[in-house]
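In what follows, residues are counted from 1 in the order of the sequence shown. Hydrogens, waters and symmetry mates play no part in the numbers below; they use all other heavy atoms, side chains included.
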Amino acid sequence: QVQLVESGGGLVQPGGSLRLSCAASGTIFSINDMGWYRQAPEKERGLVAVITSGGTTNYADSVKGRFTISRDNVKNTVYLQMNSLKPEDTAVYYCKAGLKRRSYSIITDYWGQGTQVTVSS
């Protein structure tokens with residue numbers, strides 16, 4: 001079994017900050033890419049940021065310069081620091097990890113359960 005557990009969501013005023021965390025646990029041999037996605041009401045889920053095992057990052061244009069993704073490979077945890085939050089950042093945020101459960105396994109994507117981020121005054 002593999003679990004991804006997110007934390008850190010909540011209600012914040014425009015211009016504020018939040019830090020999301022996502023910890024992967026269970027039978028894990030290695031983790032490749034880890035990323036954050038978000039889904040607003042009546043919209044499709046889309047990429048926010050992704051980080052490779054080597055630390056290369058990629059961001060959606062809408063969050064560049066405001067959000068920072070990082071990871072702790074010892075703790076199997078990925079973080080999303082969100083600054084200068086805007087109402088349009090309001091969404092459910094999901095983490096995803098592409099990982100191998102055994103050395104001989106194929107890479108499989110696992111998702112967290114999601115955490116709500118609401119930006120409102």
Using the test side-chain hydrogen bond (donor to acceptor under 3.5 Å, both in side chains), find all partners of [X] that sit at least two apart in sequence or belong to another chain.
X     : value
Arg71 : Asn73
Ser7  : none
Gln39 : none

Can you pull the side chain to side chain donor-acceptor pair (under 3.5 Å) pairs that have at least one residue in residues 49-61, sequence neighbours excluded?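 Side chain to side chain donor-acceptor pair (under 3.5 Å) check on residues 49-61 returns Asp61-Lys64.
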Any pair with a residue in residues 79-93 that passes side chain to side chain donor-acceptor pair (under 3.5 Å), sequence neighbours left out, goes on the list, sorted by first then second residue, please.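 Sorted pair list: Ser17-Asn83, Arg38-Asp89, Arg38-Tyr93, Arg66-Asp89, Gln81-Asn83.
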Output the distance between atom [atom1] ([X]) and atom [atom2] ([Y]), rounded to the nearest 0.5 Å.
X     : Y     : atom1 : atom2 : answer
Leu99 : Asp33 : CG    : CG    : 11.0 Å
Lys96 : Leu4  : NZ    : CG    : 11.0 Å
Leu47 : Ser62 : CG    : OG    : 9.0 Å
Ile69 : Ile51 : CD1   : CD1   : 5.5 Å
Asn76 : Ile28 : CG    : CD1   : 5.0 Å

How far apart are the closest heavy atoms of Ala91 and Ala40, and which atoms are they?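 Closest approach of Ala91 to Ala40, heavy atoms only: CB-N, 3.8 Å.
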Quick check: closest heavy atoms across Pro14 and Ser120, and the distance to 0.1 Å?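 Shortest heavy-atom contact: CD-C, 3.6 Å.
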Does CD in Gln113 sit with more than 12 non-hydrogen atoms of other residues, nucleotides or ligands closer than 6.0 Å?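 Enclosed: over 12 neighbouring heavy atoms sit under 6.0 Å from CD of Gln113.
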Residues in ring-ring contact (aromatic ring centres under 6.0 Å, His included) with Tyr37, at least two apart?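 In terms of ring-ring contact (aromatic ring centres under 6.0 Å, His included), with neighbours along the sequence ignored, Tyr37 is linked to Trp111.
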What about [X] and [Y], same hydrophobic cluster or not, with Ile/Leu/Val/Met/Phe/Trp/Tyr joined at side-chain heavy-atom distances under 4.5 Å?
X     : Y     : result
Met34 : Val50 : no
Tyr94 : Phe67 : no
Leu80 : Val12 : yes
Trp36 : Ile31 : yes
Val92 : Val48 : no

Note, [X] side chain near [Y] side chain (heavy atom, < 4.5 Å):
X      : Y     : answer
Arg102 : Thr27 : yes
Arg101 : Val2  : yes
Val117 : Leu20 : yes

Tell me whether Glu6 contacts the main-chain N or O of Gly114 through its side chain, where contact means a donor paired with an acceptor under 3.5 Å.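 Side chain of Glu6 to backbone of Gly114, a donor-acceptor pair under 3.5 Å: yes, one is there.
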